[in-house]
Each structure stands twice: as C-alpha cells, then as structure tokens.
Amino acid sequence: MKKIIKYISIIIVSTVFISACGEKNRQADGATASQQVFKWKLVTSWPKNFPGLGQTPEVFAENVAKMSNNRLQIKVYGAGELVPGFEVFDSVNTGTAEMGHSGAYYWKGKMPASSFFAAVPFGMTAQETNAWLYYGGGLELWQELYKPYGIIPLPGGNSGLQFAGWFNKEVNSLADINGLKMRIGGIGGEVFKRAGGLPVNMPGGEIFSSLQSGALDAAEWVGPYNDLSFGFYQAANYYYSTGWQEPTATLEFLINENAFEQLPEDLQTIVTIAARAAHADTLDVYSAKNSSDFKLLVEQHGVQVRTFPPEVIAKLKTITADVISDMVIDDKSGSVQKVWSSYKKFYDDIKAYNEIAEHMYIKNR
Ligand code: CA
C-alpha cells in the first residue's frame with residue numbers, strides 16, 4: 001500500500017510539474033515546445049572551415065542555433081578532429097556523431113548506388129539534379145538506400161559544374177590520355193582508366209605536391225573557387241574545362257535516425273529547413289566565386305585554359321555508358337538498377353526540355 005501511494009505521489013508531482021512547465025511555456029512563448037536543450041556533434045570529410053565544402057556545415061549549425069533559440073546546439077568537427085574524413089558514415093551509423101557532412105560517392109564500397117546521388121559523368125547539372133532529388137523521387141530513393149544503416153541523408157550543398165582539371169601535358173587526342181597519371185576518383189576514374197589513363201585516388205591536400213614533383217601528370221579537384229585556394233596554377237600549365245566527370249557534385253548531410261526521432265517536431269523541421277537553406281546557399285557561393293576566381297586565374301596568374309577535342313569527349317561519353325551498364329549488372333542488390341533507372345528517366349526528359357529552354361537561351365543571349 002505504501003509503495004502504491006509513493007508511486008501515485010510521483011505521478012501527481014510529475015503531472016503538476018509537467019503542467020506547470022507547459023503553462024510556463026504557453027505564457028512565455030505562446031507555444032508548448034519542449035525547452036530541452038540538445039547538443040549534437042557533426043563530423044565532416046573536409047578540413048575545418050575549408051572554403052565552400054567546409055563552410056556549409058558551419059552555416060547550417062549557426063542557423064539551427066539561431067532558429068531554435070539555442071535549443072539545438074551542433075558542434076562541427078573538421079576531418080580528423082573527432083574521426084577521419086572517410087569514417088563519417090560509420091560514425092553517424094553508430095551514433096558516435098549525430099550528424100555528418102560528406103559526399104555520397106565515398107560510400108560506394110558499401111552501396112555502389114550511392115555514387116548517383118553525388119556525381120554522374122555526363123549527367124545532370126546542379127539545377128536538374130535538385131529537381132530530380134526534390135521533385136523527381138531522387139531523395140526518397142537516397143533515404144531508402146541509407147535506411148538499413150539508420151541514417152537519414154539530406155542534400156548538403158552543391159559545387160555546380162566542376163572543371164576537367166589541371167594538366168602538365170596537353171590533351172590533343174585520345175593517345176595523349178594513354179598512360180597519363182591523373183588524380184580522378186568515382187565513376188569518372190573508372191572511365192578514365194578504360195580510356196587508357198592511370199587514375200589515382202588521393203586526398204585534396206596531397207595534390208599540389210604530387211603535381212609539382214611529377215608523381216601526377218594531371219589532377220581534378222573541384223573548380224576555380226577551390227582550385228585557386230590550393231594554388232594549383234603554380235604546379236600545372238593547363239586548366240581544362242568542362243568537368244565531364246563531375247558536371248555537378250551534390251554533398252550530403254547525414255543524420256542519425258534515432259537522434260532525429262528524439263527531437264521535438266519543431267526542431268526536426270528546423271534541421272530539415274536549415275539543411276535545405278545550406279544546400280541552396282552552397283551552390284550560390286560556388287557560382288559567384290567560380291566566376292570571380294576564374295577571372296583571377298586567367299588575368300592575374302596567366303593560366304592557360306583548354307578544352308578537350310570532340311573525339312576525346314565522344315570516347316569518354318561512350319565509355320561512361322559502358323561503365324554504368326556494368327555497374328547495373330554487377331550490383332546484385334538491385335539498388336543501382338533502381339536508382340539509375342529513376343535518374344535516367346528524369347534526365348532524358350529534362351535534357352530534352354532544356355535543349356529548347358535553358359540551352360537555347362544561353363546560346364541566344
Ligand atoms: Ca572533383
């Protein structure tokens with residue numbers, strides 16, 4: 001009997017306490033949102049505050065803190081500060097960090113289909129990709145792919161059109177690719193290999209010295225904004241446009257599903273909207289900086305700009321189609337087939353539309 005009374009007392013006290021808090025919240029804010037403070041960690045694959053890539057999660061975390069009145073505080077860690085850059089996915093999976101910021105193609109070893117959410121050679125532009133992700137079923141497929149790992153992915157920025165890279169030898173024919181040592185990863189790296197090149201995987205920070213020492217003949221990184229900050233113009237003679245291998249690169253926010261479910265609904269909405277704002281903002285920063293930094297590279301640093309001859313582009317395009325169809329065949333899970341068919345269908349339609357719309361306008365203006 002004593003025990004029961006004790007329990008009842010606890011229930012009554014708790015109820016009064018909860019009601020009082022509720023009353024206080026209503027009085028103070030006109031709302032009943034929980035005042036609980038959440039502290040999250042966000043790990044990234046980039047150096048802390050690296051231009052563009054590294055700034056996106058910082059902008060996101062600042063906006064979440066402001067919008068939530070500091071009820072959700074997110075601390076951002078650069079690559080290697082809490083976990084190495086390539087362990088971001090596993091850290092969010094295990095809950096070591098509640099969030100991550102990275103690129104989906106880094107997880108192609110676990111899920112080959114993840115590449116299609118980051119970059120597809122000769123694929124869609126940034127705006128076309130966003131349309132597929134948000135209104136063409138792409139994001140649902142992405143979230144379905146990460147679901148078994150307890151991770152919710154959200155688009156986390158976009159580099160826009162990248163450049164084909166920095167070369168110390170001119171590419172005037174297919175023969176010039178033969179035996180060329182180039183830092184190029186992802187699906188593009190496989191295409192380059194089948195074209196006769198020697199692709200090398202290497203973190204961004206090692207590219208400069210490898211170009212300078214001759215360990216690499218060529219390297220692709222991002223585009224004028226990021227390439228200028230690494231000073232590649234001092235280590236290579238020719239800058240090739242356009243980035244056939246990455247017509248756009250979508251970055252990602254990774255959210256631990258359990259952590260997300262523990263948030264009250266308003267904080268969940270704040271995370272989602274702040275991610276979308278950071279995603280959009282990143283492309284705008286890249287568009288502005290790529291243009292102004294390209295001008296600096298050419299006018300102040302005397303960079304020589306080149307484009308691949310049509311026969312090289314045609315060959316790389318044919319090989320890309322072969323590589324993707326092999327990826328579909330090799331993936332026994334069926335995910336590549338599912339994601340690629342959604343991507344391809346959306347791409348075919350929007351490409352046909354843009355030929356008469358955007359491209360026509362750009363040609364005419
Ligand atoms: Ca790149």
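Both ligands and their constituent atoms are indexed starting at 1 by order of listing.
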Between Tyr238 and Trp166, ring centroids under 6.0 Å: no
If the plane angle is over 60° it's perpendicular, under 30° parallel, otherwise tilted; pick one for Phe230 and Phe50. tilted
Quick one, Val120 and Ser115 - any side-chain contact, counting heavy atoms below 4.5 Å? no
Can a cation-pi geometry be assigned to Arg276 and Phe253, taking NZ or CZ under 6.0 Å from the six-membered ring centre and within 45° of the ring axis? no
List, by chain and then residue number, the residues other than Ile356 in its hydrophobic cluster (Ile/Leu/Val/Met/Phe/Trp/Tyr, side-chain heavy atoms under 4.5 Å); write none if there are no others. Met360
Under-3.0 Å protein N/O/S neighbours of the Ca ion (ligand 1), ordered by chain then residue number: Gln162 OE1, Glu220 OE1, Glu220 OE2, Trp221 O, Glu246 OE2
Would the Phe86 and Tyr106 ring centres measure less than 6.0 Å apart? yes
